[in-house]
Amino acid sequence: MGTTATTDLKVTNSGLGSSGPGPGGSDPFGSGRPKDWPPGITRDDRIEPKKYRIGMWAALASILMLFVALTSAYIVRQGTPATRPADWITIELPPVLWLNTALLIVSSLTIELSRRALKRSDYAAVKRWLSLTTLLGIGFLAGQIVAWRQLAAQGIYVSTNPHSSFFYLLTSLHGLHVLGGVLALTYVTVAALRLRIGLRRAVAVDVTAMYWHFMDGLWVYLFLLLFFWK
């Protein structure tokens with residue numbers, strides 16, 4: 001284990017003591033619940049992670065349906081080369097989007113590394129990779145703002161033409177969802193830096209990673225759509 005956390009010896013009603021992090025002890029990072037880690041884990045503790053994952057899958061399904069609907073509208077509004085409306089004017093997308101895409105792909109790798117480090121109880125690696133993922137997510141959002149400002153500097157706004165409208169709509173909606181992911185990352189990162197990762201926060205890391213991977217894949221899809229389907 002990369003780091004250790006020292007806690008006072010506690011004796012539970014079941015006779016299980018806790019003298020430090022890991023199996024057999026209380027939450028190694030400050031929750032004070034002796035049943036957060038085996039062997040004191042309860043039946044509810046085993047069920048709870050599944051409930052969170054099912055809830056996350058349901059949320060991701062609804063987000064996917066939203067973007068599928070918007071994609072369908074984008075393709076129908078654009079039409080084919082032979083039937084393309086006269087008001088459909090293709091805009092040149094800012095090159096910074098390539099950098100933003102790279103940042104998000106790397107962040108997907110770093111959050112996976114943090115999740116695997118947590119399974120190994122390597123808390124130093126957890127803190128390192130979670131912090132980096134959060135910074136990469138913030139960098140992606142900053143890059144998207146740069147892209148919007150570059151288009152605005154060229155006189156291209158939401159209402160300029162249908163292609164620009166769809167670009168702003170799709171990227172801003174995705175950006176809002178990424179912002180939600182950054183907030184979740186900030187929460188688990190602060191918990192890790194304060195050495196407060198118990199079973200429940202470990203589940204939070206897991207579902208946050210699920211959400212972040214989805215946002216990464218969704219952006220790659222939107223990036224290809226906007227760059228090459230125009």
Side-chain angles (χ1 to χ4, degrees), residues 53-112 132-187 207-230:
R53 292 187 185 100
I54 292 172
M56 178 56 69
W57 281 118
L60 295 181
S62 65
I63 295 172
L64 179 62
M65 287 189 291
L66 170 63
F67 280 92
V68 167
L70 290 174
T71 298
S72 299
Y74 175 85
I75 294 174
V76 171
R77 182 65 178 82
Q78 181 185 36
T80 64
T83 62
R84 185 158 298 165
D87 63 347
W88 186 276
I89 302 174
T90 301
I91 63 173
E92 290 297 324
L93 300 183
V96 72
L97 294 178
W98 290 92
L99 174 61
N100 298 348
T101 302
L103 290 176
L104 207 57
I105 291 174
V106 173
S107 72
S108 191
L109 172 63
T110 56
I111 197 171
E112 185 61 27
L132 183 55
T133 303
T134 304
L135 291 175
L136 289 170
I138 294 173
F140 172 81
L141 291 176
Q144 294 296 82
I145 294 174
V146 170
W148 297 329
R149 289 177 63 88
Q150 287 179 350
L151 286 178
Q154 300 172 30
I156 300 174
Y157 302 97
V158 175
S159 60
T160 298
N161 64 69
H163 188 220
S164 66
S165 298
F166 274 104
F167 173 82
Y168 279 104
L169 176 62
L170 291 170
T171 56
S172 61
L173 277 177
H174 178 266
L176 284 175
H177 286 91
V178 171
L179 177 60
V182 168
L183 294 177
L185 280 169
T186 302
Y187 168 75
V207 296
T208 300
M210 290 171 54
Y211 181 85
W212 198 255
H213 287 315
F214 180 83
M215 286 298 111
D216 181 19
L218 179 59
W219 172 250
V220 171
Y221 163 74
L222 293 176
F223 177 78
L224 295 175
L225 177 73
L226 293 169
F227 253 102
F228 300 108
W229 194 295
K230 58 183 182 179

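Note that the numbering runs from 1 along the sequence shown for the chain.
Taking Phe166 as the reference, Tyr74 meet the ring pair (Phe, Tyr, Trp, His ring centres under 6.0 Å) condition, with sequence neighbours excluded. Partners of Asn161 according to the side chain to side chain donor-acceptor pair (under 3.5 Å) rule, which considers only residues two or more places apart in sequence or in another chain, do not exist here. Among residues two or more places apart in sequence or in another chain, the side-chain contact (heavy atoms from CB on, under 4.5 Å) test is passed with Thr186 by Thr134, Val182, Val190.
With Val178 as reference, Leu141 is the one residue of Leu183, Leu141, Ile138, Asp216 to meet the side-chain contact (heavy atoms from CB on, under 4.5 Å) rule.
Here Leu170 contributes atom CG and Leu218 contributes atom CG; the two are 9.0 Å apart, rounded to the nearest 0.5 Å. Annotation: the span from Ile105 atom CD1 to Leu136 atom CG amounts to 11.5 Å, rounded to 0.5 Å. Going from atom OG1 of Thr160 over to atom CD1 of Ile89 covers 9.0 Å, rounded to the nearest 0.5 Å. If you take CG on Leu104 and CG on Leu99, they are separated by 11.0 Å, rounding to the nearest 0.5 Å. Atom-to-atom distance recorded for Leu103:CG and Thr133:OG1 is 12.0 Å, nearest 0.5 angstrom. Distance check: Met210 CE to Arg53 CZ gives 7.5 Å after rounding to the nearest 0.5 Å.
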Query raised in the report: Please walk me through it: do Met56 and Phe214 pass side chain to side chain contact (heavy atoms under 4.5 Å, CB included)?
Result: CA-CA 11 Å; Met56 178 56 69; Phe214 180 83; over 6 Å; no
Query raised in the report: Passes ring-ring contact (aromatic ring centres under 6.0 Å, His included), His174 versus Phe140? Steps please.
Result: CA-CA 11 Å; His174 178 266; Phe140 172 81; 5.7 Å; yes
Report task. Kindly indicate, with the supporting measurements, whether the criterion side chain to side chain contact (heavy atoms under 4.5 Å, CB included) is fulfilled by Tyr211 and His177. Result -> CA-CA 9 Å; Tyr211 181 85; His177 286 91; 3.3 Å; yes
Requested in this report: Determine, step by step, whether Phe167 and Leu97 satisfy the side chain to side chain contact (heavy atoms under 4.5 Å, CB included) criterion, reporting the C-alpha distance in whole Å, the side-chain angles of both residues, the deciding distance to 0.1 Å, and the verdict.
Outcome: CA-CA 12 Å; Phe167 173 82; Leu97 294 178; 3.8 Å; yes
Report all side-chain donor-acceptor pairs from residues 60-72 shorter than 3.5 Å, counting only partners two or more places apart or in another chain.
residue : atom : partner : partner atom : Å
Ser62   : OG   : Ala59   : O            : 2.6
Thr71   : OG1  : Phe67   : O            : 2.7
Thr71   : OG1  : Tyr221  : OH           : 2.9
Ser72   : OG   : Val68   : O            : 3.0

Side chains of residues 143-157: which donor-acceptor pairs under 3.5 Å do they make with residues two or more places apart or in other chains?
residue : atom : partner : partner atom : Å
Gln144  : OE1  : Asn100  : ND2          : 2.7
Trp148  : NE1  : Thr171  : OG1          : 3.1
Tyr157  : OH   : Ala152  : O            : 3.3

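Among residues at least two apart or in separate chains, side chain to side chain donor-acceptor pair (under 3.5 Å) pairs with a member in residues 82-91 are Arg77-Asp87, Thr80-Thr83.
A 4.5 Å side-chain heavy-atom check between Met215 and Trp219 finds every atom pair outside the cut-off.
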